[in-house]
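Let me begin by presenting the structure, written as structure tokens, before commenting on it.
Side-chain atoms are counted along with the backbone in the values below, which use heavy atoms only and exclude waters and symmetry mates. Residue numbering restarts at 1 for every chain, and letters A, B, ... go by the order of the sequence lines.
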Number of protein chains: 2
Amino acid sequence: MAVISNGSVTAAAADLGISQPAASRLLSDLTKGLNFQLFDKRDGRLVPTQETRILQPDIERVLELMGQISDISKDITNRQVGHIRMACLPGFATSHLPRVVADFLKERPGVRMTIEPDRPERILEWMIGEQYDFGITDDFVGHPAVESSDLDIRTVCVFPSGDPLESLDSITPRDLSERRFIQPHRDSAFHRRLSRVFSDAQVSWQTHIEVRQFTAACELVCHGAGVAIVSEFDARKYETLGLSYRKFAPALPHTLSLVRPILKKPSLVTLEFMEHFRESLSPYLLNT
Amino acid sequence: MAVISNGSVTAAAADLGISQPAASRLLSDLTKGLNFQLFDKRDGRLVPTQETRILQPDIERVLELMGQISDISKDITNRQVGHIRMACLPGFATSHLPRVVADFLKERPGVRMTIEPDRPERILEWMIGEQYDFGITDDFVGHPAVESSDLDIRTVCVFPSGDPLESLDSITPRDLSERRFIQPHRDSAFHRRLSRVFSDAQVSWQTHIEVRQFTAACELVCHGAGVAIVSEFDARKYETLGLSYRKFAPALPHTLSLVRPILKKPSLVTLEFMEHFRESLSPYLLNT
DNA sequence: CCAAACTATAACATCATGTTATGCGAATAA
DNA sequence: TTATTCGCATAACATGATGTTATAGTTTGG
């Protein structure tokens with residue numbers, strides 16, 4: 001093809017970055033293997049035979065495809081292609097994740113992503129079954145087939161704007177003793193931790209409403225149903241919607257777990273996205 | 001691809017007909033060049049990574065196309081593909097050639113053929129201009145850019161069936177002295193040769209009708225317009241249509257020329273077809 | 001006829017790719 | 001647990017493909 005497009009062996013050799021004799025012999029070797037002439041000599045130059053012209057379009061296609069393959073593999077090393085299948089808690093799918101994902105995909109036109117929100121137990125199953133590349137869950141207790149890394153998210157106390165609590169710098173269980181309290185779900189680890197904190201402070205909390213999600217809690221607080229302890233980034237989202245928040249003391253983490261199947265090797269993009277996601281949460285991490 | 005489809009390096013090596021270490025190192029060399037893993041080890045076996053799966057369809061396509069190329073080049077050496085552009089006298093295009101071509105193409109599904117019938121001068125132009133691969137013409141006088149080989153076709157005397165001439169074994173000019181004679185065109189070499197024969201025999205021939213083509217002459221003879229000297233294979237075609245023919249003495253050749261551009265290298269199929277065509281005429285050749 | 005351009009060949013260097021021999025780790029059976 | 005088997009990786013080496021430089025033969029154009 002180089003000889004055809006460059007018009008001579010000498011030019012082809014230059015184009016290919018090899019010496020003229022090298023090109024010359026490559027050509028003669030190829031001809032030997034084919035049992036028919038590839039070029040005719042004509043006025044000292046080489047012109048493709050009819051046979052060669054028959055093969056030409058197919059060969060061009062192969063070269064083009066090989067170029068494509070080379071491009072794709074470059075994209076792979078640049079983490080520009082791939083498919084990430086992730087599972088997450090329903091809260092994430094609607095609040096924090098979309099921005100992170102959009103941000104990540106903006107620079108990576110070839111990367112596809114599947115996001116499946118569900119309950120933690122289901123997420124765990126998916127990890128064990130290797131149906132997903134990674135997941136975001138909480139209350140993760142460990143499993144031999146799952147690799148996990150925890151993130152301690154800062155939590156704050158949220159209350160309606162204008163509430164007297166606003167005058168405080170940080171809020172303690174004692175400050176909430178008379179308040180209607182919107183609690184996390186009783187099965188959750190966060191519930192247990194919170195109740196421990198209250199009992200340590202010898203403050204009894206009124207069982208009032210139990211919700212699974214921080215966003216639901218925020219909504220309820222918005223509507224004056226009481227106060228709640230939620231993750232800081234949920235709280236921040238509701239700041240413009242009539243909520244205020246203050247630091248809660250003692251600092252109480254809400255522990256998220258980034259999980260992935262331990263045996264399944266993560267793709268390069270997946271690793272990169274996990275790192276990207278972790279960083280997106282760094283402003284909200286509890287610095288122990 | 002061999003590793004993927006065979007499930008293991010060992011099996012792939014066997015499939016490729018190389019040793020296992022060779023396959024093993026081919027794989028590691030390829031990986032080195034790509035900067036990302038192609039396979040993961042899993043229970044001692046190799047499973048393709050997500051990255052590899054992305055490349056897989058393109059690679060399959062390349063391999064398939066390369067197989068095609070190999071097939072085509074095999075077809076080329078077997079003279080199974082190609083394009084023959086030929087020019088011929090109008091008489092051939094309708095009478096002898098179709099069968100020869102059909103016969104030739106029957107065994108060669110990939111070969112295409114273009115047949116262009118025209119006058120000899122035009123055919124000559126096409127040869128010089130290298131627009132056709134070869135041509136069949138007559139009255140060819142030679143040209144530096146054209147290579148030619150002559151074929152002397154046997155000619156016979158045709159007359160309507162039942163004519164007294166049928167009793168003769170061979171016909172001489174003298175036998176035709178009183179006959180209306182359908183002559184070849186006065187510009188043709190055959191005309192000159194024929195008139196020479198008649199004058200040598202001191203037989204004057206009546207100028208009656210002049211035609212360019214043997215088939216036209218045969219048609220005229222059919223309709224009782226006279227007798228004619230035509231090529232044997234034209235005569236034979238009219239045997240069932242009311243004509244008889246006998247040897248003409250002295251044996252007079254009708255000289256056809258197979259011509260082709262001298263500089264343009266003929267394709268393998270073209271050479272083969274020319275040979276095929278020559279053979280198709282061998283039963284009609286004048287054995288000097 | 002000479003100079004320039006192009007191709008082919010020779011002689012040699014180097015690297016990719018093949019070989020055999022062997023070791024290592026994981027799965028399997030005793 | 002231990003021995004065995006299986007699959008892969010590595011070492012050491014052979015060889016052919018592919019590169020190099022040097023050089024000679026052809027053809028073209030002035």
Quiz item: Phe134(A): what forms a ring-ring contact (aromatic ring centres under 6.0 Å, His included) with it, not counting sequence neighbours?
Solution: Phe273(A)

Practice problem: For Ser19(A), report the nucleic acid contact type (base, sugar-phosphate, nothing); a contact means any heavy atom under 4.0 Å. | Solution: base

Exercise. Give Thr10(A) one of three labels, base, sugar-phosphate or nothing, depending on what nucleic acid heavy atoms sit under 4.0 Å from its own.
Key: base

Quiz item: When the distance from NZ of Lys32(A) to C1' of dT9(C) is rounded to whole Å, what number comes out?
Solution: 12 Å

Quiz item: Considering residues at least two apart in sequence or located in another chain, which fulfil the side chain to side chain contact (heavy atoms under 4.5 Å, CB included) criterion with Thr31(B)?
Solution: Gln37(B), Leu38(B)

Quiz prompt | Rounded interatomic separation in angstrom, taking CG from Asn6(A) and P from dA5(C) | solution = 17 Å

Quiz prompt | Qualifying residues under side chain to side chain contact (heavy atoms under 4.5 Å, CB included), relative to Leu105(A), sequence neighbours excluded | solution = Val101(A), Val111(A), Met113(A)

Quiz item: What is the distance from CG of Leu38(A) to P of dT7(C), rounded to the nearest Å?
Solution: 15 Å

Quiz item: In B/S/- notation, 5' to 3', how is nucleotides 10-18 of chain D contacted by protein heavy atoms closer than 4.0 Å?
Solution: B-B-----B

Quiz item: Residues two or more places apart in sequence or in another chain: which of them pass side chain to side chain contact (heavy atoms under 4.5 Å, CB included) with Arg122(A)?
Solution: Asp118(A), Arg119(A), Glu125(A), Trp126(A)

Quiz prompt | Atom-to-atom span, CG of Asp40(A) to P of dT27(D) - whole angstrom | solution = 15 Å

Quiz item: Which residues satisfy the side chain to side chain contact (heavy atoms under 4.5 Å, CB included) test with Ala14(A), sequence neighbours excluded?
Solution: none

Quiz prompt | Rounded interatomic separation in angstrom, taking CG from Leu16(B) and C1' from dT19(C) | solution = 16 Å

Quiz item: With no hydrogens and no angle check, do the side chains of Ser257(B) and Asp150(B) hold a donor and an acceptor under 3.5 Å apart?
Solution: yes

Quiz item: Would you say Ser8(A) reaches dA5(C)'s phosphate, i.e. side-chain N/O to OP1/OP2 under 4.0 Å?
Solution: no

